[in-house]
Each structure stands twice: as structure tokens, then as C-alpha cells.
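Encoded as C-alpha cells, the structure appears first; notes follow it.
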Amino acid sequence: MFWEEKIDHLKKSFTPEQFRVPFSDAISILKKIEAKFIVRTDSQYRITAWADNLKDNVRQVIREESDKEIARLDANTNYWVIIVLGKYTEANHYVYDCQSAAIKALVSMAPAGFYIGDKKYQWLTYFEVNLIG
């Protein structure tokens, strides 16, 4: 199943309050996150390779801890979730607006690293996925 089909399935499984794709706002959301949490090494640099350029204010957690971290989130609050897909140097960052139940379903499908952040841009957590073997 393609990523877009998985997302369509999530849209049917959750209410718009629980899971939303802010397509038209995605670039501005990514730029705000990047401005607060990512070290820009090149003004021409496209939104990519965040994991190598995290500022000190970003928590880093291994993927195996994601369920525990998601369980700590307020179930009725929405968060930004950024799923990183594609070849490392050319990865695409997809933004989702989710409550914790939808976050759990979304990240269970994520084949690589992902981020969860506060919608007021107060904090960001990077969940590192080591693809071994």
C-alpha cells in the first residue's frame, strides 16, 4: 500500500479533530519548526536532513520508546507530527495535525524517523529509527 493510501485510511478511521493533513499550511509549519529547532547551514538548503542539524533544544528518543512517549501526551490535545520519507539526502517531510490516538496509528506506519512537536512550537522530539539489516 502506498503512503497516500495509508493516509486516506487514517482519514476514515479518525475524525478531522483527531487527524488532519494541513496540506496548504505545510510549508509554513515546516519553516517555523525549522527556524526554532534546526540549524540552517545553507540559506539555499531545502527542508531536508533535519536529523543531522538538530539544535540542543530538541529531545532525541529511540523508536522503541515512542509508545511510552506518546502515552505521556494529552489525549485531547493536537500536535504536529512530521514523517520523513524518502532517500536520506532528498527526503520529504510530511506534516500531520494529530491527537495521540492518531499519532500512534500514524507513526506505526512510518518507515523512518519522525518528529512530534507542540503546535505552539515550544518543543520538538525526534524519534530515531535505525534501519538495520
Side-chain angles (χ1 to χ4, degrees):
M1 184 182 306
F2 293 107
W3 184 252
E4 292 80 13
E5 293 173 311
K6 293 177 182 181
I7 297 305
D8 286 341
H9 177 71
L10 287 178
K11 287 179 186 176
K12 294 174 186 171
S13 300
F14 295 98
T15 67
E17 292 79 27
Q18 295 172 310
F19 180 79
R20 187 175 73 85
V21 181
F23 181 75
S24 61
D25 298 328
I27 295 298
S28 74
I29 294 164
L30 290 170
K31 285 182 178 183
K32 286 177 186 174
I33 291 170
E34 192 171 68
K36 178 123 187 197
F37 301 106
I38 308 301
V39 175
R40 289 192 55 117
T41 57
D42 181 352
S43 63
Q44 300 299 316
Y45 139 81
R46 195 173 149 259
I47 297 173
T48 190
W50 279 6
D52 287 343
N53 297 299
L54 299 174
K55 290 183 180 177
D56 291 338
N57 61 347
V58 178
R59 282 186 63 226
Q60 295 185 55
V61 178
I62 59 171
R63 173 65 180 255
E64 292 77 18
E65 299 293 321
S66 62
D67 284 345
K68 184 174 20 171
E69 293 291 322
I70 293 167
R72 294 173 54 197
L73 298 174
D74 182 331
N76 298 312
T77 299
N78 285 48
Y79 301 90
W80 294 132
V81 178
I82 298 87
I83 304 293
V84 182
L85 298 175
K87 197 168 113 181
Y88 177 69
T89 57
E90 301 163 5
N92 290 313
H93 294 62
Y94 297 93
V95 179
Y96 303 96
D97 178 351
C98 310
Q99 291 180 357
S100 61
I103 292 172
K104 194 169 184 175
L106 175 64
V107 301
S108 72
M109 301 182 311
F114 60 92
Y115 301 81
I116 298 175
D118 175 58
K119 288 185 69 176
K120 294 180 181 178
Y121 308 98
Q122 297 299 310
W123 57 265
L124 183 71
T125 302
Y126 170 54
F127 294 83
E128 183 177 2
V129 177
N130 292 320
L131 300 176
I132 299 172

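Any value given below was found using the heavy atoms of this structure, including those in side chains, with hydrogens, waters and symmetry copies removed.
With hydrogens and angles disregarded, a donor-acceptor distance shorter than 3.5 Å links the side chain of Q122 to the backbone of K120.
Taking 4.5 Å as the limit, some side-chain heavy atom of R72 sits within range of a side-chain heavy atom of E69. The shortest distance between side-chain heavy atoms of L10 and L106 falls below 4.5 Å. By the 4.5 Å heavy-atom criterion applied to side chains, S13 and K11 are not counted as neighbours. Between N92 and V84 there is no side-chain heavy-atom pair separated by less than 4.5 Å.
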From CA spacing to verdict: side-chain contact (heavy atoms from CB on, under 4.5 Å), V95, V81: CA-CA 6 Å; V95 179; V81 178; over 6 Å; no
K32/I29 under side-chain contact (heavy atoms from CB on, under 4.5 Å): CA gap, chis, key distance, verdict: CA-CA 5 Å; K32 286 177 186 174; I29 294 164; 5.9 Å; no
CA sep, side-chain torsions, deciding dist, call: H93, I83, side-chain contact (heavy atoms from CB on, under 4.5 Å): CA-CA 6 Å; H93 294 62; I83 304 293; over 6 Å; no
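Between S100 and A75, the shortest heavy-atom contact is OG-CA, 3.4 Å. In this structure, R20 and P22 approach most closely via the heavy-atom pair O-CD, 3.3 Å. The two atoms that bring I38 and L54 nearest to each other are CD1-CD2, 3.6 Å, heavy atoms only.
Under the rule for a side-chain contact (heavy atoms from CB on, under 4.5 Å), the partners of T15 that lie at least two apart in sequence or sit in another chain are E17, Q18. Residues meeting the side-chain hydrogen bond (donor to acceptor under 3.5 Å, both in side chains) test with Q60, sequence neighbours left out: none. With sequence neighbours excluded, no residue satisfies side-chain hydrogen bond (donor to acceptor under 3.5 Å, both in side chains) with E64. For N57, the side-chain contact (heavy atoms from CB on, under 4.5 Å) partners at least two apart in sequence or on another chain are K36, F37, K55. Shown here are the salt bridge (charged side-chain N to carboxylate O under 4.0 Å, His left out) partners of K12, two or more places apart in sequence or in another chain: there are none. Every residue meeting the side-chain contact (heavy atoms from CB on, under 4.5 Å) condition with T125, not counting sequence neighbours, appears here in chain and number order: R59, V61, W123, F127. With sequence neighbours left out, the side-chain hydrogen bond (donor to acceptor under 3.5 Å, both in side chains) criterion links S28 to no other residue. With sequence neighbours excluded, the residues satisfying side-chain contact (heavy atoms from CB on, under 4.5 Å) with N76 are D74. Judged as a side-chain hydrogen bond (donor to acceptor under 3.5 Å, both in side chains), and not counting sequence neighbours, the contacts of K119 are D97. Contacts of F14 classified as ring-ring contact (aromatic ring centres under 6.0 Å, His included), with partners at least two apart in sequence or in another chain: none. In this view, F19 and Y96 satisfy the ring-ring contact (aromatic ring centres under 6.0 Å, His included) rule, not counting sequence neighbours.
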Could you go through residues 107-116 and list every donor-acceptor pair under 3.5 Å that involves a side-chain atom there, pairing it with any protein atom two or more places apart or in another chain?
from, atom 1, to, atom 2, distance (Å)
S108, OG, A105, O, 2.7
Y115, OH, A51, N, 3.2

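For the pair K31 and E34, the salt-bridge criterion is not met [side-chain N within less than 4.0 Å of a carboxylate O].
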